[in-house]
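I have placed the structure first, in the form of structure tokens, so that the comments after it can refer back to it.
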Amino acid sequence: MRIGFIGAGRVGFTMGKYLVDHGIDVAGYFSRTKEHAEDASRFTDTGYYENAEDLIKECDAIFLTVSDSYISEVFDDIKKLPCTAGKIICHTSGAISSEVFNDTLCQVYGYSVHPMYAVSDKYTSYKSFSNAFITIEGHEKYLDELKAVFDASGLKTGILATDSKVKYHAASVAASNLVCGMYGFAQRLLTECGFDKESASAALKGLFLDNARGVVDKGVIDQLTGPLERGDIRTMINHLNCLDDESAAVYKAASSEVLKIAKVKNKDRSYSEIESLLKGENI
């Protein structure tokens with residue numbers, strides 16, 4: 001399978017570079033911004049294409065590595081080209097399904113191929129892209145063939161049902177973006193205790209990293225500790241009393257998820273009072 005990229009942002013750079021480095025046939029890049037495609041082709045040692053049609057003609061699969069809001073627009077442009085018929089067309093959005101490619105008179109085979117990975121820098125993220133998990137969703141005809149491409153590159157892969165796409169993306173956000181939010185929440189509380197931003201980060205670093213490693217290595221049930229897990233409602237009440245309403249709401253919402261884990265870990269322990277506290281009931 002020969003792959004081409006339309007769009008030369010962080011995901012296009014990273015996925016293209018990783019695939020090339022692992023022996024996958026990548027033709028190159030087209031972008032509406034000529035300089036971006038030229039930069040991507042140099043970085044990945046692949047071709048630069050001045051128009052999408054030439055790229056599509058040379059490839060079996062085209063990846064639209066553009067922002068979510070432009071996927072439909074770019075597809076509207078290329079689906080009019082005769083050379084698009086019969087091609088594999090993929091996007092890399094976590095939230096949008098392959099159904100975005102259904103509105104066409106010519107036969108294409110549409111897929112969403114999403115890396116569960118935070119691509120933060122287009123020049124360096126490929127170095128740790130082996131940690132990504134690739135989910136593939138779309139037309140049954142080439143599902144196994146697409147999976148085989150990413151399997152061959154050494155990446156872990158999985159097939160996703162179309163109707164699970166949005167919930168899958170919510171899970172990705174919870175494990176990535178929302179964790180950033182909770183870390184920022186902890187930093188803010190420490191600055192309210194007199195820490196500056198740098199010392200707050202230094203204080204949290206070891207706790208955060210060791211906990212993340214524990215979650216990955218042991219799982220959330222074995223890793224869970226803290227006042228909620230041990231049933232220390234007095235400490236939780238003190239926490240809530242020192243927080244403003246907005247912060248208390250964040251604390252309660254996160255604790256409600258922790259409570260579900262604690263109930264599994266300690267099946268013989270009653271958490272009824274803590275459950276009432278988190279619901280705002282009198283205890």
Side-chain angles (χ1 to χ4, degrees), residues 68 93-97 114-120 131-133 135 160-161 163-283:
D68 288 12
S93 168
I96 298 173
S97 79
H114 179 247
M116 192 180 279
Y117 179 79
V119 181
S120 58
N131 295 325
F133 186 94
T135 56
L160 186 70
D163 59 6
S164 297
K165 183 69 176 180
V166 175
K167 186 173 287 186
Y168 153 82
H169 190 244
S172 301
V173 167
S176 178
N177 311 138
L178 298 190
V179 171
C180 291
M182 291 306 298
Y183 194 83
F185 176 71
Q187 284 181 316
R188 178 169 60 80
L189 294 184
L190 285 183
T191 60
E192 292 173 3
C193 297
F195 288 72
D196 59 31
K197 186 175 181 180
E198 289 73 24
S199 58
S201 294
L204 291 169
K205 181 179 179 180
L207 175 65
F208 179 81
L209 290 176
D210 286 348
N211 189 63
R213 279 190 287 264
V215 167
V216 171
D217 293 341
K218 298 186 295 183
V220 292
I221 294 172
D222 288 338
Q223 180 61 20
L224 182 62
T225 61
L228 190 154
E229 185 272 332
R230 63 178 180 265
D232 185 357
I233 192 170
R234 177 48 53 192
T235 294
M236 294 184 66
I237 290 172
N238 289 339
H239 288 169
L240 290 169
N241 286 341
C242 79
L243 299 175
D244 60 36
D245 290 346
E246 183 179 350
S247 296
V250 172
Y251 183 98
K252 286 182 177 180
S255 295
S256 293
E257 290 301 315
V258 173
L259 179 61
K260 295 172 185 175
I261 301 168
K263 286 181 175 180
V264 175
K265 182 173 184 176
N266 303 302
K267 292 182 173 62
D268 297 330
R269 181 174 294 166
S270 173
Y271 288 101
S272 58
E273 285 193 329
I274 289 177
E275 195 164 10
S276 296
L277 175 68
L278 297 178
K279 291 179 180 179
E281 298 172 355
N282 293 327
I283 56 173

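Side-chain atoms are counted along with the backbone in the values below, which use heavy atoms only and exclude waters and symmetry mates.
- Not counting sequence neighbours, the partners of Lys263 by the side-chain contact (heavy atoms from CB on, under 4.5 Å) test are Leu259, Tyr271, Glu275.
- Atom CG of Asp232 and atom CD1 of Ile274 lie 7.5 Å apart (nearest 0.5 Å).
- Here the CG atom belonging to Leu240 is positioned 10.5 Å from the CG atom belonging to Asp245, to the nearest 0.5 angstrom.
- The minimum heavy-atom distance between Leu190 and Ala203, with the atom names listed, is CD1-CB, 4.3 Å.
- Evaluation of the salt bridge (charged side-chain N to carboxylate O under 4.0 Å, His left out) rule for Lys260 yields Glu257 as partners, not counting sequence neighbours.
- Once rounded to the nearest 0.5 Å, the distance linking CG of Leu277 with CD1 of Ile237 reads 5.5 Å.
- Asn131 is linked by a side-chain hydrogen bond (donor to acceptor under 3.5 Å, both in side chains) to nothing, counting only residues two or more places apart in sequence or in another chain.
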Expected list for residues 212-224: side-chain donor-acceptor pairs under 3.5 angstrom, two or more places apart:
from, atom 1, to, atom 2, distance (Å)
Arg213, NH2, Asp210, OD1, 2.6
Lys218, NZ, Gln223, OE1, 3.2
Gln223, NE2, Asn211, OD1, 3.0

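- Residues Val258 and Glu229 fail the side-chain proximity criterion, which asks for heavy atoms closer than 4.5 Å.
- Interatomic distance, Arg234 CZ to Asn238 CG, rounded to the nearest 0.5 Å: 6.0 Å.
- Nearest heavy-atom pair, Val179 versus Ala174, reported as atom, atom and distance to 0.1 Å: CG2-O, 3.5 Å.
- Shortest non-hydrogen contact noted between Met236 and Pro227 is CG-CB, 4.3 Å.
- Met116 approaches Ser172 most closely through the heavy-atom pair CE-OG, 3.3 Å.
- Residues passing the side-chain hydrogen bond (donor to acceptor under 3.5 Å, both in side chains) test with Glu273, sequence neighbours excluded: none.
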Just list the side-chain donor-acceptor pairs under 3.5 Å for residues 246-255, sequence neighbours left out, or say none.
from, atom 1, to, atom 2, distance (Å)
Ser247, OG, Arg188, NH1, 3.4
Ser247, OG, Arg188, NH2, 3.1
Ser247, OG, Asp244, OD1, 3.0
Tyr251, OH, His239, ND1, 2.6
Ser255, OG, Tyr251, O, 2.7

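- To the nearest 0.5 Å, atom OG of residue Ser97 and atom NE2 of residue His169 are 13.0 Å apart.
- Atom NZ of Lys265 has more than 12 heavy atoms from other residues, nucleotides or ligands within 6.0 Å.
- Interatomic distance, NZ of Lys167 versus CG of Leu160, reported as 11.5 Å (0.5 Å rounding).
- Across all their heavy atoms, Ala132 and Tyr117 have their closest contact at CB-CB, 3.6 Å.
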